[in-house]
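For reference, the structure is listed below as structure tokens.
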Amino acid sequence: MKGVVALFSGYSEDVPGLKRLVGLIHFMGGQVKDAYPTTGQTAITHLIARWVQGEKYQTAINMAIPVVTEDWVLHLWARRDQCLDATAPQQLQPFHIKPFHGPLKILLIGFDEDGQNPQDWSNLIEVHGGELVTSVAAANYIVVHDPEKKLHVSCEELNEYRAVKLSRDGETVGEYLITPEKVVVTSEWFWTCIKLDSCANPDAYSLLKLQPSSSANGGRSRRQKTPVSSSPYTPGRRRLSAVEERDVSRGNCSFDHSDESLTSSGSHGGSVPPPSITRRQMTVAEMVQTEANYLKIVSDILKIKESILVEPKAGAMCDAEAAALLDEYMAALPEILDRHTAIHRDLEGLLRPWKEDALVGAVWKNRAPGLEQCYPAYVNVIEKLKKHIQDCEKKFPKFRAHLALTQMAPEYGRQHLKDLLVRPVQRLASVDVLLTDIRKATDESNPDRVELTLAKEKVQGVLTLLNSEKQAAEVVEMLTHIEDAPEELVTTTTGGGSGLGKYLSHIECTELAKRQFHEQGSTLCLFLFTNKLEVAKRRYDPRQPGTPQSGKQLPLKHIELIPLMRIKRIVDVRDDEQIHGAFLLSFFFPNDTQEVSYKFACTLEFQAEKKKKRDFLMQLKAQVQAVDMNAVPDLLCEMSAAEASVKTTEPSSTPLEKVSKLTRSLSRRISSIGNHSSQKLKRAVSTAFISGSKKGRKDADNFDDEIRPKRLF
């Protein structure tokens with residue numbers, strides 16, 4: 001410990017072991033001081049603390065002095081013969097004192113509004129050295145969560161106690177009787193401690209100091225006098241949608257009355273009232289205002305990203321891999337910002353000075369090709385980006401704390417990063433609505449009317465492209481999660497050519513009869529390509545929370561890849577009280593002597609929109625007729641449930657089938673935990689309940705698949 005000058009905090013002379021610790025430091029070549037030195041004296045290099053309270057601790061944090069526990073000294077003493085460097089990071093980091101060390105007993109108020117599991121809060125606090133308590137009496141730190149800054153706190157001294165009252169909008173939300181030594185702080189203190197990995201000074205975040213004793217109504221009246229801001233955010237209110245943004249901007253829209261086109265001053269200092277503002281001019285001003293708001297939001301997203309990646313004070317928010325992925329997903333935002341900055345500049349130039357024949361539509365028409373280039377790269381990864389942020393919040397506490405602090409910052413509109421990220425996805429839809437409004441306010445004789453029509457077509461074309469590319473990206477994601485996928489399918493998902501052709505559509509359905517593709521009640525995904533139909537069995541839906549996503553089992557399993565020429569008839573079954581979303585497909589396979597009809601019913605997701613089933617069947621009909629010159633004219637027909645022999649869209653569940661399904665489920669569970677005896681159980685179940693199954697099957701994991709003759713195409 002040569003060169004170490006240590007200072008103790010939280011220790012008194014009667015603390016057991018203090019003299020021994022001092023002796024060990026001296027024996028290993030270090031020094032011990034009883035106070036911070038004055039100018040010219042040897043500086044303190046390390047603080048050894050029992051807890052994270054006191055003036056010495058805060059001074060060490062402000063002076064960037066390492067703060068460790070006494071275990072650091074004991075660790076070095078136990079290895080004194082190894083001549084370790086006591087100041088090396090690998091020797092200090094394991095004994096760095098945690099921000100809630102003591103432990104601090106913390107009571108959280110208002111955090112349940114975030115929907116977080118209480119056990120998650122407890123784990124988070126314990127990881128950082130503290131203890132979560134559930135009563136005021138047991139707590140020494142009371143943390144109040146008020147991200148919207150609407151909470152009013154009043155404190156009244158009552159002899160040896162303090163009466164603390166929390167109210168919001170004039171309504172009392174909590175009353176507490178506490179002793180003077182208890183600390184009441186905002187949630188910014190909590191997240192700052194986690195972000196900086198040290199206990200922040202609670203005096204800077206004290207609610208009792210920030211809010212003097214006064215009536216809650218007085219605080220509310222002061223807020224009502226606050227002028228309305230033209231910020232893209234609305235503090236204290238819910239997030240606005242893209243269309244609502246336009247409505248809000250109508251009230252916030254303002255003109256610069258210093259502009260010569262709107263006002264003029266007389267020679268005697270008098271002013272002439274501004275000329276009347278036309279409806280068209282007002283609507284264009286709305287577009288300029290919402291465009292400025294959008295630029296602010298995109299800039300804020302990039303600022304938050306940069307603060308995560310390069311902020312030095314907080315240290316690493318996440319590991320290098322997570323940071324690189326975050327940067328990759330947001331790579332398109334700078335270009336989006338540049339292109340919309342140019343659009344805003346052009347629109348603002350038309351507004352000042354304003355002319356009724358200003359070509360507003362030409363701005364969007366000329367800039368639309370650039371938007372078509374930059375938006376798909378962002379929209380296609382938005383879901384991955386949000387999931388990545390959610391995963392980082394779970395894995396990296398500093399990352400989560402940083403986002404929580406930015407959410408509380410007024411300059412970011414008190415919005416979470418995940419909420420801000422959807423605004424680029426919504427912006428073009430909002431522009432489409434605004435172009436429609438401007439066109440309605442434009443006379444037929446105005447040359448801008450034609451430009452607005454062309455601009456609207458261009459913007460809608462970009463939206464159509466985004467929707468199609470996003471859908472294609474989602475389908476590729478689904479196809480890459482199909483187990484045992486044929487080489488043709490793999491080639492298609494990787495961008496190579498194949499005999500499948502282009503992806504067109506897909507539908508999810510349930511089998512209504514036995515011995516079809518898999519088994520009655522199974523959920524299938526039918527992927528329609530230009531030349532073939534891919535049939536895959538859904539094991540689970542990865543989009544649903546809580547689904548068993550095993551690392552060895554993909555959500556979909558390949559069953560068959562059928563040429564469209566094998567489809568001979570398509571039947572759309574009309575809905576009634578018991579039939580919902582049913583349809584039939586008739587196939588003629590090489591090994592069959594006649595057509596076989598398979599019955600299906602759309603899953604609830606596709607039943608909700610009847611148009612989805614109809615569109616899929618219409619596309620299937622068109623493609624079958626395109627590849628099969630001998631297809632019958634009435635390939636697609638409509639029938640009643642009785643004519644199609646469909647009794648119900650609910651899968652049957654006889655007692656024998658229930659026992660069979662339960663036994664198979666039990667078999668799979670035993671197999672998943674590696675029980676060797678499950679192989680025999682599966683064979684026994686196969687013999688008892690599945691007719692036509694093969695004995696001595698080598699791969700028992702294929703037991704889920706119904707045995708039927710193989711088709712040769």
Side-chain angles (χ1 to χ4, degrees), residues 478-479 481-486 489 506-528 533-544 547-550 553-562 566-567 571 573 579-587 589 596-607 612-613 616 620 644-669 671-672 682 685-686 688-694 697 699-711:
M478 292 177 64
L479 295 177
H481 287 80
I482 298 179
E483 184 180 322
D484 299 332
L489 201 59
H506 79 279
I507 195 170
E508 292 194 15
C509 54
T510 304
E511 292 192 275
L512 298 181
K514 300 178 182 179
R515 303 187 63 78
Q516 294 188 162
F517 287 113
H518 190 259
E519 62 182 12
Q520 188 174 4
S522 297
T523 301
L524 303 180
C525 291
L526 307 181
F527 297 94
L528 175 61
L533 182 71
E534 162 66 15
V535 182
K537 175 182 176 293
R538 178 169 291 287
R539 287 169 165 164
Y540 62 87
D541 190 347
R543 298 169 296 178
Q544 298 296 328
T547 53
Q549 302 184 24
S550 170
Q553 192 177 63
L554 295 174
L556 294 170
K557 182 177 181 179
H558 168 75
I559 295 181
E560 286 197 34
L561 189 59
I562 305 174
R566 302 298 181 197
I567 300 177
V571 178
V573 180
I579 307 300
H580 304 282
F583 64 95
L584 275 67
L585 297 180
S586 295
F587 301 92
F589 295 108
V596 289
S597 295
Y598 288 179
K599 304 174 184 178
F600 308 93
C602 298
T603 58
L604 293 177
E605 178 183 352
F606 286 83
Q607 285 182 21
K612 288 185 176 181
K613 183 189 78 168
F616 177 81
L620 180 60
S645 301
V646 178
K647 298 180 180 179
T648 178
T649 52
E650 293 294 330
S652 61
S653 54
T654 64
L656 183 61
E657 289 171 339
K658 289 182 178 180
V659 173
S660 175
K661 188 174 182 180
L662 180 61
T663 309
R664 288 196 299 270
S665 175
L666 178 61
S667 171
R668 286 193 294 269
R669 290 186 181 182
S671 177
S672 65
K682 288 182 180 180
V685 173
S686 175
F689 296 102
I690 305 298
S691 61
S693 62
K694 297 180 180 180
R697 185 182 305 172
D699 187 3
D701 291 333
N702 292 332
F703 177 76
D704 290 338
D705 299 329
E706 196 73 26
I707 301 300
R708 64 183 186 86
K710 295 293 182 181
R711 315 296 188 189

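Fair warning: this is a prediction, and the values are worked out from it, not measured in the lab.
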To the nearest 0.5 Å, what is the distance between [atom1] ([X]) and [atom2] ([Y])?
| X | Y | atom1 | atom2 | answer |
| --- | --- | --- | --- | --- |
| Leu526 | Phe583 | CG | CZ | 5.5 Å |
| Ile559 | Leu524 | CD1 | CG | 5.0 Å |
| Leu528 | His506 | CG | NE2 | 11.5 Å |

[X] to [Y] - nearest heavy-atom pair and separation:
| X | Y | value |
| --- | --- | --- |
| Phe606 | Lys612 | CD2-CD, 3.8 Å |
| Ala644 | Leu584 | O-CD2, 3.8 Å |
| Ile482 | Lys557 | CG2-C, 4.0 Å |
| Thr523 | Thr510 | OG1-OG1, 4.3 Å |
| Leu556 | Cys525 | CD2-SG, 3.8 Å |
| Lys537 | Ser522 | CE-OG, 4.4 Å |

>> Quick check: do Pro486 and His558 have side-chain heavy atoms less than 4.5 Å from each other?
In response: yes
> Mind checking whether Phe587 and Phe589 have parallel, tilted or perpendicular rings, split at 30° and 60°?
Replying inline: parallel
> Under the side-chain contact (heavy atoms from CB on, under 4.5 Å) criterion, do Ile562 and Phe517 qualify, and how do the steps go?
Replying inline: CA-CA 11 Å; Ile562 305 174; Phe517 287 113; 3.5 Å; yes
> Short question: side chain of Lys599, backbone of Gln516 - any donor-acceptor pair under 3.5 Å?
Replying inline: no
